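Both counts, for ligands and for their atoms, begin at 1 and track the order of listing. Note that this is a predicted model, so its numbers are computed, not measured.
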Amino acid sequence: MTDQYAVIGNPIAQSKSPEIHRAFAQQTGQDMNYTKLLAPIDQFKEEVKKFFSSGGKGLNITVPFKLQAWQLAQVRSDRAELAGSANTLLVGREGRLYADNTDGIGLARDILRNQQGTVTGKKILILGAGGAVRGVLSNLLAEKPKQLVIANRTLSKATQLADLFSKKNPIRAIGYDQLTRQQFDWVINGTAASLQNELPPLPGGILRANAWCYDMMYGAQDTVFMQWAKEQGAAKVMDGLGMLVEQAAEAFFIWRHVRPQTQPVIEQIRGQLV
Ligand code: ATR
């Protein structure tokens with residue numbers, strides 16, 4: 001029987017996950033079906049239960065349910081534990097709900113493997129202090145940057161996040177107004193600003209020569225952050241489509257124990273963006 005998978009969120013119409021997983025399934029010859037599920041805002045738990053009790057094999061979780069998915073799980077991977085949110089669910093052999101988070105590995109694979117970038121020994125600025133940023137911090141820190149600075153409008157949120165990871169890592173929090181007179185090798189935008197066509201309040205002159213800029217959002221056109229990065233002379237400017245496909249590939253591997261090739265799927269989805 002064909003195995004059932006889905007992505008659950010609210011809204012969900014915009015999700016590219018079905019196209020990505022269908023392409024992976026076709027490429028690897030896996031007998032699976034992957035759909036979109038719109039959960040009412042207050043019905044996430046019920047929808048998850050319904051899905052698994054009717055034989056569903058695995059779920060991806062998107063906005064705004066990643067925290068609830070993490071809370072609902074009976075077992076969590078170490079990386080989900082650190083991320084404080086979950087984007088992948090499955091029911092284990094013993095019938096317990098298992099949560100993972102593949103966003104951080106998705107970003108790391110896109111930066112390190114697809115883009116051939118280096119984070120080790122570099123000074124990184126990450127913008128935002130919400131769930132998206134928390135989800136990727138441990139993977140970035142594992143690459144041993146020289147320093148990781150989190151900037152956020154609400155400084156207290158950045159400070160809380162930095163405190164979570166600061167025991168073993170060179171990480172600190174600042175407000176945007178403290179950014180002048182500093183320069184970075186990397187600027188990674190993990191805010192939701194691009195969704196509203198907005199740019200975080202960044203001063204000019206914060207990019208080192210050869211700096212790379214990455215927006216975790218993506219679209220057919222450059223985001224405002226990407227436009228800013230080009231104007232500031234960044235050596236390379238990337239969007240988050242590669243991260244999206246890589247996080248999906250890791251979820252696919254967790255469910256099917258097969259690693260799909262991501263490059264052709266990144267190109268396919270890029271070609272379909274409008
Ligand atoms: P997510 O789970 O996508 O990270 P979130 O937890 O709501 O969503 O976090 C959104 C992040 O984007 C926050 O860091 C938010 O800043 P505040 O904590 O100060 O609210 C940031 N953000 C959203 N819109 C922004 C904008 N226009 N400029 C700068 N930061 C913005």
Peer 1: Could you point out which residue of I254, N60, D100, V48 forms a side-chain contact (heavy atoms from CB on, under 4.5 Å) with L89?
Peer 2: V48
Peer 1: Please check atom 7 (O) of ligand 1 for a protein heavy-atom neighbour under 4.0 Å.
Peer 2: no
Peer 1: Can you tell me the protein heavy atom closest to atom 12 (O) of ligand 1 and the distance?
Peer 2: A192 N, 3.0 Å
Peer 1: Which of the atoms of ligand 1 are close to E198, meaning less than 4.0 Å from one of its heavy atoms?
Peer 2: 26 (C), 27 (N)
Peer 1: Please state whether the rings of H257 and F253 are parallel, tilted or perpendicular, taking 30° and 60° as the class boundaries.
Peer 2: perpendicular
Peer 1: Verify, without hydrogens or angle tests, whether E19 (side chain) and I269 (backbone) share a donor-acceptor contact under 3.5 angstrom.
Peer 2: no
Peer 1: Check the angle between the aromatic planes of W255 and H21 and answer parallel, tilted or perpendicular using the 30° and 60° thresholds.
Peer 2: tilted
Peer 1: Kindly confirm or rule out an N or O of A132 lying under 3.5 angstrom from an N or O of ligand 1.
Peer 2: yes
Peer 1: Given I150, which partner from the list L137, L125, L127 fulfils the side-chain contact (heavy atoms from CB on, under 4.5 Å) test?
Peer 2: L137
Peer 1: Regarding D110 and Y214, is there a side-chain donor-to-acceptor distance under 3.5 Å anywhere?
Peer 2: yes
Peer 1: Run the numbers for me: atoms of ligand 1, each under 4.0 Å from some heavy atom of G128, listed by number.
Peer 2: 14 (O)
Peer 1: Considering non-hydrogen atoms only, spot the tightest contact between E81 and R134 and give its length.
Peer 2: O-NH2, 3.8 Å
Peer 1: Which atoms from ligand 1 have a heavy atom of G131 less than 4.0 Å away?
Peer 2: 1 (P), 2 (O), 4 (O), 6 (O)
Peer 1: Which protein heavy atom lies closest to atom 21 (C) of ligand 1, and at what distance to 0.1 Å?
Peer 2: T191 CB, 3.7 Å
Peer 1: Under 4.0 Å from any heavy atom of T154, which atoms of ligand 1 are there?
Peer 2: 17 (P), 18 (O), 19 (O), 20 (O)
Peer 1: As an exercise, identify every atom of ligand 1 less than 4.0 angstrom from a heavy atom of N152.
Peer 2: 13 (C), 14 (O), 15 (C), 16 (O), 17 (P), 18 (O), 19 (O)
Peer 1: Just to be sure I read this right, does ligand 1 sit under 4.0 Å from the backbone of K157, its side chain, both, or neither, counting only heavy atoms?
Peer 2: side chain
